[in-house]
*Asks:* 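Quick one: structure below, then a few questions.
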Amino acid sequence: MKKGQIIEGTVQRVDFPNKGIVETADGVCVVKNALPGQKVRCAVNKVRKGKAEGRLMDVLEASPLECGSPCPHFGICGGCTYLSLPYEEQLKIKEAQVKKLLDAVLCKPICVKESTPEGNVSDENTYRFEGIKPSPVSFGYRNKMEFSFGDEVKDGPLALGMHKRGSFYDIVSVTECQIVDEDYRKILRCVRDYFANLQDRGMDIPFYHRLRHTGYLRHLLVRKAAKTGEILVALVTTTQVARWKTDSEVPGDNDTESQILEKLKQELLSLPLDGKIVGILHTINDSLADVVKSDETRLLYGQDYFYEELLGLKFKISQFSFFQTNSRGAEVLYETAREYIGGYIEAAEQKVTPHKPDKIVYDLYSGTGTIAQLMAPVAKKVIGVEIVEEAVEAAKKNAELNGLHNCEFVAGDVLKVLDDIEEKPDVIILDPPRDGIHPKALEKIIRYGVEHILYISCKPTSLARDLEVFLARGYQAERAVAVDQFPWTANVETVALLSKGEILSKKNKG
């Protein structure tokens, strides 16, 4: 194949993340956003070391697996990948993707270093892959959405929603998005229509242009608790207001910024929602980066937090608190984690134990402390480490809210703060960011020599990379399972249990 060549072929499979493997008469090409069984036309945009990558141009024939999409934005919006497939087929794809990545690492001879008197030993590592666990709900499951202001076409009407597939600038107003519930859609339509109407009347309230770094309207953040129904809404803007007043004679067209936001608040509070808005925020963000962050947050209504419940625990969540975006799916994920480590720490829901708990548990990359609090009832102490200070403060408050007094949360980089913690762990639980664990931090974690490590990963390629290091240093993967936290998207969670003692005993016997 050559760069610029137009090719046609059939998608044989989709590898993680979202890599369609297209077989053509001229060879194999990797194409994003394609589905297994589709016949596609694509343009080759890169050829390197005999491997070709292409851009999807047309779907010539639908996959026999496809059954149509319930969302009118599918294929235009960049949010969902598998929405035209039955949910069971999407699960099969993700299960195969995770298994392929883990088998490539775990089902081959391994080299164990510094683990036996004999030195380096080769062995065949075996583990039990337990498939994939579905999300309890596949539609309307998200408890957090960050919508962007923009336009669908250059100089077009105001849009509020998600980025178009493959575009950095164009925005699709996802008024019928299916991965959120109707409350989100009503709030989105209300905010978009409110500002579009002001623009139509001559008000100079532009959206923020990511290229020119000018404009006012940036994002709309909506969070809703699945269990309590409480909703937090945050309008994110810059301080760049070119001209609030107009020459219009229409009453109200000369309102100040505070008056306009007050009217928006009233519009939101008048919406007929299934849930209840408990807080409306105005968040100021003058950063050049296209991220949702706060230079200053002003409270327009109610409170700046809401409550969610998970596996019998209560959590106080603010606009930027890390929390799993699928509450019901998170219960499956954390129940799995609890069951995996339950052979070594008693099940977390057991409130009364026949003996006094004596285990020290490290929960590294602990976020708002969900896992730490699930393990606290059966541990002597749980120590959580998280780099985001706001999340650490939230974890402390949540532990107090749930009456758990044996949790300690430390703010800082795992790599830097581990040396300052005096108590050494008996068990380590890892739930790192998408890119996995920093190599130097990984070495420190391994040097503790704990018998069991539980690794929760939202990016199986990062997990596979880190597992190679664990295996080389004497650990063995016992069990692994995928958990579908993000239906219809290309993302998936994976839980893996690692053991040191069993592989050492096997080596010593040999």
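None of these values were measured; they are calculated from a predicted model.
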*Asks:* Crowded around Lys99 NZ? As in, over 12 foreign heavy atoms under 6.0 Å?
*Replies:* no
*Asks:* Out of curiosity, Ile179 CD1 to Thr489 OG1, how far, rounded to the nearest 0.5 Å?
*Replies:* 7.5 Å
*Asks:* Look only at the side chain of Lys94 and the backbone of Ala482, and say whether a donor-acceptor pair between them is shorter than 3.5 Å.
*Replies:* no
*Asks:* Quick check: do Val427 and Leu454 have side-chain heavy atoms less than 4.5 Å from each other?
*Replies:* no
*Asks:* Kindly say whether the aromatic ring centers of Phe74 and Trp488 come within a distance under 6.0 Å.
*Replies:* no
*Asks:* Could you tell me whether the side chains of Asp435 and Ser462 share a donor-acceptor contact shorter than 3.5 Å?
*Replies:* no
*Asks:* Treating Asn18 as the side-chain partner and Asn33 as the backbone partner, does any N or O pair qualify as donor plus acceptor under 3.5 Å?
*Replies:* yes
*Asks:* Going through the distances and angles, do Tyr208 and Phe149 end up as a ring pair (Phe, Tyr, Trp, His ring centres under 6.0 Å)?
*Replies:* CA-CA 7 Å; Tyr208 182 77; Phe149 286 95; over 10 Å; no
*Asks:* As a quick check of understanding, evaluate side chain to side chain donor-acceptor pair (under 3.5 Å) for Thr283 and Gln319, giving each step before the final call.
*Replies:* CA-CA 10 Å; Thr283 299; Gln319 66 171 328; 3.1 Å; yes
*Asks:* Between Asn398 and Ala394, is there a donor-acceptor pair closer than 3.5 Å when you use the side chain of the first and the backbone of the second?
*Replies:* yes
*Asks:* How about CD on Glu389, more than 12 heavy atoms from neighbouring residues, nucleotides or ligands closer than 6.0 Å, or not?
*Replies:* no
*Asks:* Rounded to the nearest 0.5 Å, what separates atom NZ in Lys164 from atom CD in Glu152?
*Replies:* 5.5 Å
*Asks:* Yes or no on side-chain contact (heavy atoms from CB on, under 4.5 Å) for Lys224 and Asp183, after CA distance, side-chain angles and deciding distance?
*Replies:* CA-CA 9 Å; Lys224 179 183 177 182; Asp183 283 354; 2.8 Å; yes
*Asks:* When you compare the side chain of Arg55 with that of Val31, does any pair of heavy atoms fall below 4.5 Å?
*Replies:* no
*Asks:* Using only heavy-atom distances, determine whether the side chains of Glu308 and Ser327 contain a donor-acceptor pair under 3.5 Å.
*Replies:* yes
*Asks:* Indicate the atoms forming the closest heavy-atom contact of Lys186 with Pro272, along with that distance.
*Replies:* NZ-O, 2.6 Å
*Asks:* Roughly how far, to the nearest 0.5 Å, is CG of Leu235 from CG of Leu221?
*Replies:* 10.5 Å
*Asks:* Within the distance-only criterion (no hydrogens, no angle test), does the side chain of Arg185 pair as donor or acceptor with the backbone N or O of Cys177 below 3.5 angstrom?
*Replies:* yes
*Asks:* Salt bridge between Lys265 and Glu267, side-chain N to carboxylate O under 4.0 Å?
*Replies:* no
*Asks:* Considering only NZ, NE, NH1 and NH2 on the basic side and carboxylate oxygens on the acidic side, decide whether Glu95 and Lys92 come within less than 4.0 Å.
*Replies:* no
*Asks:* Without swapping roles, check the side chain of Gln303 against the backbone of Tyr305 for a donor-acceptor pair under 3.5 Å.
*Replies:* yes
*Asks:* Any side-chain to backbone donor/acceptor pair from Tyr340 onto Tyr455? Under 3.5 Å, distance only.
*Replies:* no
*Asks:* Atom CD1 of Ile453 and atom OH of Tyr362: how far apart are they, to the nearest 0.5 Å?
*Replies:* 12.5 Å
*Asks:* Taking the side chain as every heavy atom from C-beta outward, state whether Phe486 and Tyr141 have any atom pair closer than 4.5 Å.
*Replies:* yes
*Asks:* Would Val180 and Val222 satisfy side-chain contact (heavy atoms from CB on, under 4.5 Å), going step by step from the backbone distance to the final call?
*Replies:* CA-CA 10 Å; Val180 295; Val222 184; over 6 Å; no
*Asks:* Does the pair Asp295/Lys293 count as a salt bridge with the N-to-O cut at 4.0 Å?
*Replies:* yes
*Asks:* Looking at Lys276 and Glu230, does any basic side-chain N land under 4.0 Å from a carboxylate oxygen?
*Replies:* no
*Asks:* Is NZ or CZ of Lys314 both nearer than 6.0 Å to the six-membered ring centre of Tyr307 and within 45° of the ring axis?
*Replies:* yes
*Asks:* Would you call Lys133 and Asp484 a salt bridge, taking side-chain N to carboxylate O under 4.0 Å as the test?
*Replies:* no
*Asks:* Looking only at heavy atoms, what is the nearest atom pair of Cys71 and Gln178, with distance?
*Replies:* CB-CG, 3.7 Å
*Asks:* When you check the side-chain N and O atoms of His282 and Thr297, is any donor under 3.5 Å from an acceptor?
*Replies:* no
*Asks:* Find the distance between OG1 (Thr81) and CD1 (Ile93) and round it off to the nearest 0.5 Å.
*Replies:* 9.5 Å
*Asks:* Take Arg13 and Asp15 through the test salt bridge (Lys or Arg N to Asp or Glu O under 4.0 Å) and record every step on the way to the result.
*Replies:* CA-CA 7 Å; Arg13 68 176 190 277; Asp15 289 342; 2.9 Å; yes
*Asks:* Locate the shortest heavy-atom distance separating Ile171 from Gly150; write the atom from each residue and the value.
*Replies:* CG1-CA, 3.8 Å
*Asks:* Yes or no on salt bridge (Lys or Arg N to Asp or Glu O under 4.0 Å) for Arg189 and Glu182, after CA distance, side-chain angles and deciding distance?
*Replies:* CA-CA 11 Å; Arg189 287 192 290 262; Glu182 181 61 19; 2.7 Å; yes
*Asks:* May I ask you to check whether Phe315 and Phe323 place their ring centers less than 6.0 Å from one another?
*Replies:* yes
*Asks:* Is there a side-chain contact between Gln485 and Thr325 (heavy atoms, below 4.5 Å)?
*Replies:* no
*Asks:* I'd like to check Asp151 versus Pro157 (side-chain heavy atoms, cut-off strictly below 4.5 Å). Are they in contact?
*Replies:* no
*Asks:* Report the distance from atom OG1 of Thr238 to atom CG of Leu288, rounding to the nearest 0.5 Å.
*Replies:* 11.0 Å
*Asks:* For Arg223 and Ser318, indicate whether the former's side chain and the latter's backbone hold a donor-acceptor pair under 3.5 Å.
*Replies:* yes
*Asks:* Which heavy-atom pair separates Ile421 from Ile383 by the least distance, and what is that distance?
*Replies:* CG2-CD1, 3.8 Å
*Asks:* Let's go through Lys459 and Thr494 carefully: what are the C-alpha distance in whole Å and the side-chain angles of both, what is the deciding distance for side-chain contact (heavy atoms from CB on, under 4.5 Å) to 0.1 Å, and is it a yes or a no?
*Replies:* CA-CA 8 Å; Lys459 189 178 181 182; Thr494 309; over 6 Å; no
*Asks:* Can you tell me if Thr175 and Ser173 form a side-chain donor-acceptor pair at under 3.5 Å?
*Replies:* no
*Asks:* State plainly whether the residues Lys316 and Glu400 are in salt-bridge range, i.e. N to O under 4.0 Å.
*Replies:* no
*Asks:* Taking Cys80's backbone N and O only, do any of them form a donor-acceptor pair with Arg165's side chain (distance below 3.5 Å, no angle check)?
*Replies:* yes
*Asks:* Determine the minimum heavy-atom distance between Gly329 and Asn326, stating which atoms define it.
*Replies:* N-OD1, 2.9 Å
*Asks:* Hey, does Ile260 have a side-chain heavy atom less than 4.5 Å from the side chain of Tyr194?
*Replies:* yes
*Asks:* Is Lys227 salt-bridged to Glu331, cutoff N-O under 4.0 Å?
*Replies:* yes
*Asks:* Any side-chain donor-acceptor pair under 3.5 Å between Gln38 and Ser63?
*Replies:* no
*Asks:* Could you tell me whether a side-chain N or O of Glu89 sits under 3.5 Å from a main-chain N or O of Pro86, the two making a donor and an acceptor?
*Replies:* no
*Asks:* Is any side-chain heavy atom of Leu65 less than 4.5 Å from a side-chain heavy atom of Leu35?
*Replies:* no
*Asks:* If you look at every heavy atom in Val11 and Ala34, which pair is closest and at what distance?
*Replies:* CG2-CB, 3.7 Å
*Asks:* Can you say whether the rings of His163 and Phe168 are parallel (under 30°), tilted (30 to 60°) or perpendicular (over 60°)?
*Replies:* parallel
*Asks:* Testing the 3.5 Å rule here: is there a donor-acceptor pair between the side chains of Ser321 and Glu390?
*Replies:* no
*Asks:* Do Val492 and Ile132 make a side-chain contact, defined as non-hydrogen atoms from C-beta onward lying under 4.5 Å apart?
*Replies:* yes
*Asks:* Using modelled atom types and a 3.5 Å cut-off, is there a donor and acceptor pairing between side-chain atoms of Asn285 and backbone atoms of Val236?
*Replies:* no
